[in-house]
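We're numbering straight along the sequence, starting at 1. On a predicted model such as this, the values are computed, not experimentally measured, just so you know. In what follows, every heavy atom counts, from backbone to side chain, and hydrogens, waters and symmetry copies are set aside. Order of appearance sets the numbers: ligands from 1, and atoms from 1 within every ligand.
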Amino acid sequence: MPHDAIAPGTVWLVGAGPGDPDLLTRKAERLIAAADIVFYDALVGQGVLDLIPAGVQRVSVGKRSGRHSKDQATIDSLLVEAALAGGRVVRLKGGDPSVFGRSTEEMDALAKHGIPVRICPGITAASAAAASGAISLTLRGQARMLTLVTAHARAGEPLDLDWPLLARQGATLAIYMGRAAAGEVGRNLIAAGLPTDTPVLVAVNVSLPAERLIRGRLDALAFLVATIGERDPALLIIGEATRPRPGGHRRASGIAAFEARSAS
Ligand code: SAH
């Protein structure tokens, strides 16, 4: 058999990429087309959802869809139920399932019931943001380390991150879920030793029609994120690697790039 088939009673955790359906893998598209039921997150792009054939059942389990949002235990049991009923189940997740995708929770829940699980990778937001911003996440001699970190804070609680580790120079930080805590992130990184003028790229709605790239410096991070909507996914990339290349780059028409400079 040339391809992995999707067997009845199996769950595939499938990376949907950053939103643009052209950034979906061929394998993901094939799995979606062969599924009986697709469970998807709020971050999965509309263009990707449009690829789900009309006859395939689709269930939103988006954590950001307000009162319709389902908690993780509910999602786990929906997946278990669908697989035990003999369905070909696709669990579609934004970006790559292995990056802040809670894939292990779902795999563990399914394993308890002896349900086979497979994973199809996707393009994570950091890769897509680097492409849109025409930068590299690593840079010979200047960024030998890439850290993917989440700055999602519980309401009212300070972030519990290892700031001295994150503030190491010669590295790139890709901060997921960091919009709300951006000011706190900037202050802590500077307090831990990162230069105030470290370049930052804030990538919003990457690969979607509403894509916006905001450039600036670390001490203006709170200001840079101020105009981003609460529901718009945003990735903060920090480090020398994000500095625009000499001569800049020409952006494809139709995608607006917004440049912001530090207030200082
Ligand atoms: N598994 C996903 C990440 C899920 S966490 C992945 O691999 O990309 C959700 C966070 O991912 C968002 O808060 C945001 O920081 C980032 N993100 C996902 N899609 C994005 C997009 N299209 N543009 C910008 N950031 C995105």
**Q** Rounded to the nearest 0.5 Å, how far apart are CD of Glu105 and CD1 of Ile75?
**A**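 Between atom CD of Glu105 and atom CD1 of Ile75 there are 9.5 Å.
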**Q** Select all protein residues for which some heavy-atom-to-ligand 1 distance is less than 4.0 Å, and list them by chain and number.
**A** Pro18, Leu43, Gly94, Gly95, Asp96, Val99, Phe100, Thr124, Ala125, Tyr176, Met177, Ala203, Asn205, Val206, Pro233, Ala234, Leu235
**Q** Tell me whether Glu240 is salt-bridged to Arg243, with the criterion being a basic N under 4.0 Å from an acidic carboxylate O.
**A**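 Here Glu240 pairs with Arg243 in a salt bridge, since their nearest N and O are under 4.0 Å apart.
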**Q** Ignoring hydrogens and angles, state whether a donor on the side chain of Arg212 or Thr227 is under 3.5 Å from an acceptor on the partner side chain.
**A**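 The answer is yes; a qualifying pair exists.
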**Q** Between the side chain of Thr198 and the main-chain N/O of Pro195, is any donor-acceptor distance below 3.5 Å?
**A**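 Pair found, side chain donor or acceptor close to backbone of Pro195.
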**Q** Any link between Val59 and Leu92 through a network of hydrophobic side chains (Ile, Leu, Val, Met, Phe, Trp, Tyr) touching at under 4.5 Å?
**A** no
**Q** Between the side chain of Arg102 and the main-chain N/O of Gln72, is any donor-acceptor distance below 3.5 Å?
**A** no
